[in-house]
2 protein chains.
Amino acid sequence: MSNCRQCIIKRFNALKTLTQEELEKFSDHKTTLVIKKGENLLTEGNAINGLYCIRDGKGKMTKLNTNGKEQIIKFIKGGDILGHRSILSEELVGLNAIALEDMHVCFIPKGDILETIKENANFSLDLMRNISQQLNDANTAISQMAQKPVRDRLAETLIYLEEIFGLDNEACIDVILTREEIANTIGTATESAIRLLSNLKKDGVIDLIGKKIKIINKSSLKNISEGY
Amino acid sequence: MSNCRQCIIKRFNALKTLTQEELEKFSDHKTTLVIKKGENLLTEGNAINGLYCIRDGKGKMTKLNTNGKEQIIKFIKGGDILGHRSILSEELVGLNAIALEDMHVCFIPKGDILETIKENANFSLDLMRNISQQLNDANTAISQMAQKPVRDRLAETLIYLEEIFGLDNEACIDVILTREEIANTIGTATESAIRLLSNLKKDGVIDLIGKKIKIINKSSLKNISEGY
DNA sequence: TACAATGTATGATATTTGTCATAGATAAAA
DNA sequence: TTTTATCTATGACAAATATCATACATTGTA
């Protein structure tokens, strides 16, 4: 079907340093799959043996807490590469990857990845850069979860969602999340998330149109996210 | 002074896959430094150009929050390797590394690391494994920070501290932290941390001997950390 | 269409946590 | 040693957040 060499997605991720031949190899061996809304691409604790490259669609990466609650760790979309742990011997998947809408995903087997790592140090470094960036983001998240009140984290999250998913044609954040999913992102009760969203709307900072959220006053939202 | 080939520390970290020649190269070019208690080995936002390998001593990795508070992200000790971001082009340090007691540290220049990455794919993979493990830990931390109450996080942290630093000859957790540092680890007010420590002591789960903490009933502490 | 299931919203209340104040304990400095 | 600064501890109170209850809205489905 599609060809890695022509895929636009690769320009934006760790695959961008690959040579023509390496891309051909990936293209020949890759499989393409469709993950329907609500289905898992990755499941916590499972083994996989290759990398997944998301072509399009949106998803969430989650973790089941010891108390049984779902925590959303990050959101994913076209261009993201998942499953890097699989190429490091037999490590198991650490997070669930669940589709928020239908996703198209390419799977590149571990063998090809390892071969390419051996031959192309820049690809190695790009993969490392990718993981490293994720670690940096995660460290920031720890700090914010630990020290910011829920209202600030909500504001922060709305800005983050707009950055990740952009705007639809009505200037709303272009992703549909339930209130529960928003609560599971910022780590609070669903009712609290609902209440704080209502407050932000009442203050004219955001607008709520069904499940869609529109940021009206970004600088004010930014201030709230920083505790003012 | 010391030689990388004979260093025991390397057996426990990403340097373990290096060949004799690679270790010689590292040994020839490395510099050794002493970081006094309270001093920074790394400072958030600074540029460095190489990896630091901790020989001995204990430290904390911190992040300054937008509200000016210090968040402790993780603790470090002998065997840990810091500064991996420096080998990925010009990325700046993301966290402060501050000595909790005097540390001895070896510095290996970026050039040697990059050369070795090109020549030894296993070293690449080991570095990746290291960062990947950190990312995994960080994701777990996000989930726990977001969803667990302070008391549970305190219990969790005490168990974690014992795992990392072990016990001294009086069976106390072998690290000295101020109550403020404990509070900055779990993300709460210093007074709250003090109060909850007192509660745990009153319940006979831990003992407090000055700044030293002794875990009396680990399984009970584990239960608390999981919300029971 | 009507029905069930799920999601959203809001009030009342309990619990958790933070803040401020104060005092004693410990460690550092003169 | 004495003095000063920092750290630990605890009470009183305020603020933030969770929980429970209930009602309404929306969505999917028989």
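Proteins come first, then strands; the chains are lettered A, B, ... in the order of their sequence lines, and each starts at number 1.
Taking only distance into account, the side chain of B:R195 meets the base of C:dT19 through a donor-acceptor pair shorter than 3.5 Å.
Residue contacts shown for A:T188 are limited to sugar-phosphate atoms, with no base heavy atom under 4.0 Å away.
At least one side-chain nitrogen or oxygen of B:K211 sits closer than 4.0 Å to the OP1 or OP2 atom of D:dT8. Distances shown here put a side-chain N or O of A:S198 below 4.0 Å from the OP1 or OP2 atom of C:dT10.
C:dA27 atom P lies 11 Å from atom NZ of B:K37, rounded to whole Å. Spacing between atom NZ of A:K212 and atom P of C:dG7 amounts to 18 Å, rounded to whole angstrom units. In this structure, A:L196 atom CG and C:dA9 atom C1' are separated by 13 Å, rounded to whole Å. When the P atom of D:dC7 is taken as reference, atom CD1 of B:I182 falls 13 Å away, rounded to whole Å. Distance A:R179 CZ to D:dA18 C1': 19 Å, rounded to the nearest Å. The CD1-P distance, from A:I176 to D:dT27, rounds to 9 Å in whole Å. Atom P of nucleotide C:dT10 and atom NZ of A:K201 are separated by 9 Å, given to the nearest angstrom. Summarising the geometry, the separation between CG on B:L197 and P on D:dT10 is reported as 11 Å, rounded to the nearest angstrom.
Between B:F75 and B:Y160, the ring planes lie tilted relative to each other; the angle falls in the 30° to 60° range.
Here C:dA9 is the nucleotide among C:dG18, C:dA9, D:dT10 with the atom lying nearest to any side-chain atom of A:I194. In the set D:dT8, C:dT8, C:dG18, the nucleotide with an atom closest to the side chain of B:T178 is D:dT8.
One finds no salt bridge joining B:E101 and B:K37 here, because no Lys/Arg side-chain nitrogen approaches an Asp/Glu carboxylate oxygen to under 4.0 Å.
Along DNA chain C, the nucleotide nearest A:L208 and the nucleotide nearest A:A146 are compared for position; the residue whose nucleotide lies closer to the 5' end is A:L208. Each of A:E191 and A:K148 was assigned the nucleotide of DNA chain D with the nearest heavy atom; the assignment lying further toward the 5' end belongs to A:K148.
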Sequence neighbours left out, cut at 3.5 Å: what donor-acceptor pairs do the side chains of residues 196-206 of chain B make with other protein atoms?
unit_1, atom_1, unit_2, atom_2, d
B:S198, OG, B:I194, O, 3.0

Derivation and outcome, salt bridge (charged side-chain N to carboxylate O under 4.0 Å, His left out), residues A:E90 and A:K110: CA-CA 11 Å; A:E90 306 305 321; A:K110 175 177 175 171; 3.6 Å; yes
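Checking each of A:K69, A:K58, A:K211, A:K60 against A:E181 for a salt bridge (charged side-chain N to carboxylate O under 4.0 Å, His left out) leaves exactly one that passes, namely A:K60.
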